[in-house]
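So the structure is just underneath, and the comments pick up after that.
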Amino acid sequence: MGCCNREWSPLDFGAIGNGLVDDRTKLNDWASSGEKLTMPQGDYAFRTDGPVEFSVDGTSVNARGSRSRIFCGQRVAGHGLIDVTGNDIIIDGLRLVNDPILSLPTTAQAFGVLNRGHRNRFMNMTVLDFENGMTTSAGANELGAAAEGEFYDAWYLHNYVRVNGQGLGTPDSGSGYGEDRGDGITHWGGRCWIIGNRIVPSDDRDCRGGIFVEGLGNYALDRTGVDDQAIAFIAHNYIGIAESRNNGGGRFRRGVDVEDYRNAVVHHNIARGTAWYAFQAAGQCRGLEFSHNLAIMDCPADNANGASWMPNRAAFNLYPNGLPVDDVVFRDNRAFFTTDGYAGFNINGILTSSVRNVLIEGTRLISCPGVDHGLRDAITVYDFAAGTDITLRGNKVNGRWRYGIVATAVEKLVTEDNEIDGCSAFGISIRSSSNYSSLRDKVSNCDSGLEIVTLTGKIDGLSLSGLTTLWLSNAGVSTIEVTNSHAENGTVSDFGALTVSRWKSNFGWSYLGGAAAYNPAPVGANTIGGVSGNITVVGAVAGDHVTASWNNFAQGLVPMASVSAAGTVIASFANPTAASVDLGSGTMTVSVERE
């Protein structure tokens, strides 16, 4: 047609666009013309009973502002409604609709967009109600053959994708539906940029993932023989729930999932209502950064369906899947739990297993009032390989988690400047770890402070307050060094061979307490009297500073106390008044402080 200044619509190639006629042949003529393409203004519905293929390198489609759409008359397994097989193609503003929704058998794959080219860009598109929304191909994998290499430099920018998930079958059945399909945007292998997209499930459909990128083992080189390092940049996307959740469906199991990738950046994304996890790095990932992401956990986890295996469940999950996750920075992320409907599903805040060289910094994990996590923990790290170096720095935990931080079998662990408040068990629990360092951590308003089981290390600047039990440990912690730390209230328990006095003497300030009810004798004017019996305060020693308080009106008397023997305090009253005072019965509470 040859007019370089004109944009050509399917109508120019003889398409009807009335929603009744199969326009596939004319649409393919339009898509493969090599011209500058557009969609007509108005409400045209171009039906196609098979894929429309964009095969000419450099094709450009500008459909912004058009209400016209391409929709399915028939689904074809292994294809998209549009297949993009050329390179350097830009498709901007195109609307693709599976309406009425046509499904395939559960073993078949189908897509809104299937990209099988390099450097293609998909922008401002609307892709509605397909089994998978937009996918960069894994070679010939969609047709059942082996993957043959990657396509690289795919761009997905500012698209709206609504996913229908699997084909036939019940969405919540436990037979594996949803694990081979049901993604919003999927990219296999090569470099990709996934930015500013809105991705949701169709109403009442449980789907696999909002964004899924994976570098397969044979993808070291792409189809042109170039080593592109499988870089992914995923930013400013929203992965949400369906507009209607009448039957409890309408959400993704996974929000953003990065597997077997090198050098991926995932930042400023929002994932809401996911059943398994909001953000995950899995497999042989290296050089990843997750930063400034938000997980909103506000939809109850109905069950573990969608896979024959029990998935890990957390707002943020680092999972090796048989291969190490290495060199990961996890910074300034947030998770809000606004419902207790996850009970029984072990959904944690951050869950890491068998990873190496990880920094988790500045993350905030918050449970709203009334949410009780039961047996689930805010930050869990466990089963790390030799050479592991894990740092947890500046994280904040609020709410009724079980543990704030729990670490098991970590070779080298640093917890630094973390603030943990409100846990139902220990604020920090460290088990079977050979080298542990705590710097300036704060634990408050938890049932217990710090649990230490079989490890060596150093604790400096720890602050414990508002606790029932300060410490729980065993004989294997005799090499722990405690300095410049601060504890208020609570008791010390279960030290094995490590004596309370030895442990306490390492604190910059230590606070112990005790109380006794009694009826002091009348105290004469300008005298000291009303001496109590022995008040037991475990750990108190000679030289400790003791303060006392009386629970009734003291009538001008001043309560006093001192250590009379190891573990024992005696209290009395000073009467500076000009008359004798008889207080009657009450309770004397004493606090023992050591600097």
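- A donor-acceptor distance shorter than 3.5 angstrom exists from the side chain of Thr59 to the backbone of Val56, with no hydrogens or angles considered.
- Checked against the 6.0 Å centroid criterion, the rings of His187 and Phe151 do not qualify as a close aromatic pair.
- In terms of heavy atoms, Gly19 sits closest to Phe71 at O-CZ, 3.3 Å.
- Note that CZ of Arg331 is 8.5 Å distant from NE2 of His292, once rounded to the nearest 0.5 Å.
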*When you look at Phe279 and Phe290, which way does the side chain to side chain contact (heavy atoms under 4.5 Å, CB included) test go after all the steps?*
CA-CA 9 Å; Phe279 297 89; Phe290 286 74; 4.2 Å; yes

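- A donor-acceptor pair is defined here as one N or O able to donate and one able to accept, closer than 3.5 Å; such a pair exists between the side chain of Asp83 and the backbone of Gly80.
- In terms of heavy atoms, Ser66 sits closest to Pro40 at OG-O, 2.6 Å.
- With a 4.5 Å cut-off on side-chain heavy atoms, Ile90 and Met123 count as touching.
- The closest donor-acceptor contact from the side chain of Asn237 to the backbone of Ile194 lies under 3.5 Å.
- Between Phe330 and Thr352, every side-chain heavy-atom pair lies at or beyond the 4.5 Å cut-off.
- For the atom pair CZ of Phe111 and OG1 of Thr136, the computed distance is 10.5 Å after rounding to the nearest 0.5 Å.
- Looking at Tyr160 and Leu128, their side chains come closer than 4.5 Å, going by heavy atoms from C-beta outward.
- Checked against side-chain hydrogen bond (donor to acceptor under 3.5 Å, both in side chains), Arg69 has the following partners two or more places apart in sequence or in another chain: Asp43.
- Here CG of Leu294 is found 12.5 Å from CG of Asp332. Values are rounded to the nearest 0.5 Å.
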*Would Ile82 and Val52 count as a side chain to side chain contact (heavy atoms under 4.5 Å, CB included) if you check the C-alpha gap in whole Å, the side-chain angles of each, and the deciding distance to 0.1 Å?*
CA-CA 5 Å; Ile82 65 170; Val52 176; 4.2 Å; yes

*Evaluate the side chain to side chain contact (heavy atoms under 4.5 Å, CB included) criterion for residues Trp8 and Ser33: first the C-alpha distance (whole Å), next the side-chain angles of each, then the deciding distance (0.1 Å), finally the verdict.*
CA-CA 9 Å; Trp8 300 85; Ser33 67; 5.7 Å; no

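- Note: His268 and His236 meet the aromatic proximity criterion, with ring centroids under 6.0 Å apart.
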*Does the pair Asn98 and Leu81 meet the rule for a side chain to side chain contact (heavy atoms under 4.5 Å, CB included), with working shown?*
CA-CA 9 Å; Asn98 185 15; Leu81 182 62; over 6 Å; no

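- Between Leu11 and Tyr44, some side-chain heavy-atom pair lies under the 4.5 Å cut-off.
- With ring centers used as reference points, Tyr156 lies under 6.0 Å from Phe122.
- The shortest heavy-atom contact between Ala154 and Asn115 is CB-ND2, 3.8 Å.
- Of all heavy-atom pairs between Tyr261 and Cys192, the closest is OH-SG, 4.1 Å.
- Using a 4.5 Å heavy-atom threshold, the side chains of Arg208 and Arg254 count as touching.
- Taken to the nearest 0.5 Å, the CG atom of Leu96 stands 11.5 Å off from the CG atom of Asp129.
- Within the structure, salt bridge (Lys or Arg N to Asp or Glu O under 4.0 Å) pairs that include any residue of residues 47-57 comprise Arg47-Asp49 (at least two apart or interchain).
- Between the side chains of Asn197 and Asn159, a donor-acceptor pair is found at a separation under 3.5 Å.
- Residues forming a side-chain hydrogen bond (donor to acceptor under 3.5 Å, both in side chains) with Asn395 (at least two apart in sequence, or on another chain): Asn418.
- Across all non-hydrogen atoms, the minimal contact from Pro51 to Asn28 is O-ND2, 3.4 Å.
- The one candidate from His118, Arg121, Arg191 that meets the side chain to side chain donor-acceptor pair (under 3.5 Å) condition with Asp153 is Arg191.
- Checking side-chain atoms of Ser202 against main-chain N and O of Val163 turns up a donor-acceptor pair under 3.5 Å.
- Distance alone, capped at 3.5 Å, is enough to place a donor-acceptor pair between the Arg313 side chain and the Ala275 backbone.
- Panel note: side chain Asn317, backbone Gln280; no donor-acceptor pair is recorded below 3.5 Å.
- Side-chain N or O atoms of Asn263 include none that pairs as donor or acceptor with a backbone N or O of Ile231 at under 3.5 Å.
- Heavy atoms only, all atoms of each residue included: Val127 and Gly133 are closest at CG1-O, 3.8 Å.
- Of the residues Ile270, Ile211, Val200, the one that meets the side chain to side chain contact (heavy atoms under 4.5 Å, CB included) test with Ile239 is Ile211.
- A distance of 10.5 Å separates OG1 of Thr274 from CZ of Phe252, quoted to the nearest 0.5 Å.
- Here Thr186 pairs with Asp183 under the side-chain hydrogen bond (donor to acceptor under 3.5 Å, both in side chains) rule; sequence neighbours left out.
- Two residues are said to be in side-chain contact when any heavy atoms from C-beta on lie closer than 4.5 Å; Asp12 and Trp30 fail this criterion.
- When atom types are taken as modelled, the side chain of Thr38 and the backbone of Ser9 share no donor-acceptor pair closer than 3.5 angstrom.
- The main-chain N or O of Leu114 is never found under 3.5 Å from a side-chain atom of Thr135 such that the two would form a donor-acceptor pair.
- Met39 is listed as a side-chain neighbour of Pro10, based on a closest heavy-atom distance under 4.5 Å.
- Residues Leu288 and Leu318 fail the side-chain proximity criterion, which asks for heavy atoms closer than 4.5 Å.
- Residues satisfying the side-chain hydrogen bond (donor to acceptor under 3.5 Å, both in side chains) test with Asn333, not counting sequence neighbours, are Asn293.
- Within the structure, salt bridge (Lys or Arg N to Asp or Glu O under 4.0 Å) pairs that include any residue of residues 85-94 comprise Arg64-Asp92, Asp88-Arg119 (at least two apart or interchain).
- Rounding to the nearest 0.5 angstrom, the gap separating the CH2 atom in Trp401 from the CG atom in Asn348 is 7.0 Å.
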